[in-house]
Amino acid sequence: MTDQARQLIGRYYAAFNAGDMDAFLGMLTEDVVHDVNQGLREHGREAFAAFMQRMNRNYREQIADIVVLAEPSGRRAAAEFTVLGEYLATDAGLPEANGQTYRLPAGAFFDIRDGKIARVTNYYNLQDWLAQVQ
């Protein structure tokens, strides 16, 4: 079960890096819970898709240096990685975008149910990101 969980998270980030939003979103349960870094908790694949539309409009990101850990039952996993990004368009309430690049250590926690991701909780240091794009 541990290997299956790690493979699922690996495919999740591979789909993200490939820009394959259909595959990416297809790995989520319909009722997925998404804890946005320093933000609200969102519910459902549709809300996650809307979040990703905004992200893909405002940012170009790749996930690198991924390390995935899973507990023995395969129901919970965690990933540590580096976000390599470019700030493309100004996001509401954030500094003006003009193509700034950033490199940001980050992590995520996952609940897994029936071979799909049922919760994603993302963490990164917002102050670090702000310092890089200002």
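In this structure, L8 and I117 have side chains that are in contact, with non-hydrogen atoms separated by less than 4.5 Å. You'll find the side chain of E42 reaches within 4.5 Å of the side chain of F51, heavy atoms only. Residues D35 and R119 have side chains in contact (heavy-atom distance under 4.5 Å, counting atoms from C-beta outward). At a threshold of 4.5 Å between non-hydrogen side-chain atoms, the residues L104 and Q132 count as touching. By the 4.5 Å heavy-atom criterion applied to side chains, L130 and L94 are counted as neighbours.
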Report the C-alpha separation of N56 and M21 in whole Å, then their side-chain angles, then the decisive distance to 0.1 Å, and conclude whether the side-chain contact (heavy atoms from CB on, under 4.5 Å) test is met.
CA-CA 10 Å; N56 290 333; M21 286 298 109; 3.6 Å; yes
Set out, in order, the CA-CA distance, both residues' side-chain angles and the distance that settles side-chain contact (heavy atoms from CB on, under 4.5 Å) for I63 and N17, then state yes or no.
CA-CA 6 Å; I63 305 300; N17 282 344; 3.7 Å; yes
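Using a distance-only test at 3.5 Å, with no hydrogens or angles considered, a donor-acceptor pair links the side chain of K116 to the main chain of G26. Checking side-chain atoms of R45 against main-chain N and O of L28 turns up a donor-acceptor pair under 3.5 Å. Side chain of D65 to main chain of T82: no donor-acceptor pair is present (N/O by atom type, distance under 3.5 Å, no hydrogens or angles). No donor-acceptor distance shorter than 3.5 angstrom exists from the side chain of E30 to the backbone of G44, with no hydrogens or angles considered.
Applying the salt bridge (charged side-chain N to carboxylate O under 4.0 Å, His left out) test to D128 and every residue at least two apart in sequence or in another chain returns nothing. Residues passing the salt bridge (charged side-chain N to carboxylate O under 4.0 Å, His left out) test with E80, sequence neighbours excluded: none.
Residues I9 and A77 come closest through the heavy atom pair CG1-CB, 4.1 Å. Taking both residues in full, the closest heavy atoms of N122 and A108 are given as OD1-CB, 3.4 Å, listed atom of the first, atom of the second, then distance. Closest approach of A5 and I112 over heavy atoms only: CB-CD1, 3.6 Å. The minimum heavy-atom distance linking Q100 with E96 is given by the pair NE2-O, 2.9 Å. A pairwise comparison of heavy atoms in T90 and P95 identifies CG2-O, 3.7 Å as the closest pair. When all heavy atoms of A70 and T2 are compared, the closest pair comes out as O-CG2, 3.6 Å.
A continuous path of ILVMFWY side-chain contacts below 4.5 Å connects L126 to Y87, so both sit in one hydrophobic cluster. There is no path of hydrophobic side-chain contacts, each under 4.5 Å, that joins F24 to V33. A single hydrophobic cluster is seen to contain both M27 and I66, as judged by linkage of ILVMFWY side chains at heavy-atom distances under 4.5 Å, directly or through other members. Tracing side-chain contacts under 4.5 Å through hydrophobic residues (I, L, V, M, F, W, Y), one never reaches L84 starting from V68; they form parts of separate clusters. Residues Y59 and L88 do not share a hydrophobic cluster, clusters being chains of Ile/Leu/Val/Met/Phe/Trp/Tyr side chains in contact below 4.5 Å.
Note on R76 versus E71: no salt bridge recorded, every NZ/NE/NH1/NH2 to OD/OE distance being 4.0 Å or above. A salt bridge links D31 to R113: at least one charged side-chain nitrogen sits closer than 4.0 Å to a carboxylate oxygen. Salt-bridge formation is detected for the pair R54/D91: a Lys NZ or Arg NE/NH1/NH2 atom is positioned less than 4.0 Å from an Asp or Glu carboxylate oxygen.
Note: W129 and Y102 have perpendicular aromatic rings, judged against thresholds of 30 and 60 degrees for the angle between ring planes. Using a 30° and 60° split on the angle between ring planes, F81 and Y13 fall in the tilted class, from 30° to 60°. Between F48 and H34, the ring planes are tilted. Angles from 30° to 60° get that label.
Between the side chains of T101 and R103, no donor-acceptor pair is found at a separation under 3.5 Å.
Around the OH atom of Y123, the shell of radius 6.0 Å holds no more than 12 heavy atoms that belong to other residues, nucleotides or ligands. Environment of CZ in R60: sparse, with no more than 12 heavy atoms of neighbouring residues, nucleotides or ligands closer than 6.0 Å.
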